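Working notes, beginning with the structure itself.
Only heavy atoms go into these numbers, but all of them, side chains included; no hydrogens, no water, no symmetry mates. Reminder, nothing fancy here: chain letters follow the sequence lines and each chain counts from 1. These numbers come from a predicted model, not from an experiment.
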Number of protein chains: 2
Amino acid sequence: MTIKTRSAKIKSSEPPARNREATRTRLIEAVGNLLAREGFRAVGINAVAREAGVDKVLIYRYFGGMKGLISSFGQEGNFWPTMKELAGGDIDAFMSLPLAERASQMISNFMHSLRKRPITQEILAWEMIEQNEFTTELDIIRENMMKRFVESFMPCDELGIDTDAEGAIIGGAINYLVIRSRNFSRFGSLNLGTEEAWERIEKAMRRIIFSLIKPQPLPETDRGVRG
Amino acid sequence: MTIKTRSAKIKSSEPPARNREATRTRLIEAVGNLLAREGFRAVGINAVAREAGVDKVLIYRYFGGMKGLISSFGQEGNFWPTMKELAGGDIDAFMSLPLAERASQMISNFMHSLRKRPITQEILAWEMIEQNEFTTELDIIRENMMKRFVESFMPCDELGIDTDAEGAIIGGAINYLVIRSRNFSRFGSLNLGTEEAWERIEKAMRRIIFSLIKPQPLPETDRGVRG
DNA sequence: ATTCAATATCACCGATGGGTGACAGTTGTC
DNA sequence: GACAACTGTCACCCATCGGTGATATTGAAT
């Protein structure tokens, strides 16, 4: 980088409009862009300010520092899948499905949603690595979301199974495989760079759900609704 | 830190013995110590040299840089569970178990092994976050190990299941939950800070394996051998 | 004792990080 | 017009990073 400080302005065409609110949103958006493009390691006062084309001191002034900015970003950002998305588009149709089918489809939809959301992936990765003022903030938001989902969709304490534990296993596996696949395609004998591998994982999860919830052969290749 | 550069020597009592081999091992051990104590983010030329109580230029001289040092560390470090450990101590006894029992116990043993190995956790976390000269090096070692395990222990292409995919799910879930639990104890409604939660996960995995491999009720609370 | 290579230390470079105080331009109010 | 409040810029501080060239210390061969 031979360019100087002012070069930051190149990136954002509009000149900072001497407008507090506009500058605030510029900064919040800069966090998202930086997360998606460079990953959470790049998220720092200097980098965010540079990305927004704004002086870093404004982060202190308007947000009280990076913690405040991250918090605002977490509140406004819609990087989590919606209920509707997890239900595959039609919540009513979804709710009328039998339990195993419902769980299986929700899992598939969650996996697809996560794979399409680089920012969400970045946040999950971040949470795995360090606990700091940023990640604790973001974790609370994530936990609330997960909680709402299971409460709305999965009221199943029937059977002899531990849905919380099984859910943690499936959810953890999805998070792990998606996050990891950004850097390494190979995991065991799967090539996570190929759609074929993801379909195998999807089917395997479906198989797990169905054999857990009702030990009987599962309907073949019914991929179900998806948003 | 008000102390100066030379303060590094405080940490390692023995004066650097003007001995190339000894210095090399000091550096390699410093990597492991630093990984365990501070995490991979702290692993850099400066920090490692400081930890070893040695000048950083020796890393360039003896290892050609950090990449070389990490590679040597990866080769010598025994941070992966051994075959024997995964088998629960007695390989022969282990191999004579029925398939589902074998898989279930190996999974439990792997989880316990990983939970006891902070350095291994750190490496897995590192691999999730970035791909660089260090992690690609370490990933090759990890993949080879995993490969050897499944080949030796799990020759099962029977049944209508996809063992690679199911293995990736279980393995991914273990890696995720263990790594994540270092920073956040809560995941969904589980409290990963408690042994109780881990036992629930263990049982859930056992339930998954048994219902996958042979759809019939599983033996209750048989924890099996463990190293 | 001198020479020479190996071992290890030191001092410095440029880049980047988070953080802060002083200053400049704009706007509205009295 | 004078003034204060607000928005934004700039210049600097100190710490750490990876990296390198010059130098000191040791030990062994001659």
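Side-chain atoms of R61(B) come within donor-acceptor range of the base of dA8(C), with a qualifying N/O pair under 3.5 Å.
Side-chain N/O atoms of W126(B) and E122(B) include no donor and acceptor closer than 3.5 Å.
Following rounding to the nearest Å, F40(A) (CZ) and dG17(C) (P) show an atom-to-atom distance of 15 Å. In this structure, L34(A) atom CG and dT16(C) atom C1' are separated by 14 Å, rounded to whole Å. Residue D55(B) contributes atom CG, which lies 5 Å from atom C1' of dT9(C) at whole-angstrom precision.
Taking side-chain N and O atoms only, N46(A) has a distance below 4.0 Å to OP1 or OP2 of dG18(C). The phosphate of dC17(D) (OP1 or OP2) has a side-chain N or O of R50(B) nearer than 4.0 angstrom. The phosphate of dA8(C) (OP1 or OP2) has a side-chain N or O of T23(B) nearer than 4.0 angstrom. For the OP1/OP2 pair of dG19(C) and a distance below 4.0 Å, the side-chain nitrogens and oxygens of Y60(A) include at least one atom meeting the criterion.
At the heavy-atom level, L58(A) lies under 4.0 Å from base atoms of the strands shown.
Nearest to the side-chain atoms of K56(B) among the listed nucleotides dT20(D), dG19(C), dC17(D) stands dT20(D).
Heavy-atom distances under 4.0 Å link DNA chain C to no residue of residues 62-75 of chain A.
Separation of the F149(B) and F110(B) ring centroids does not fall under the 6.0 Å cut-off.
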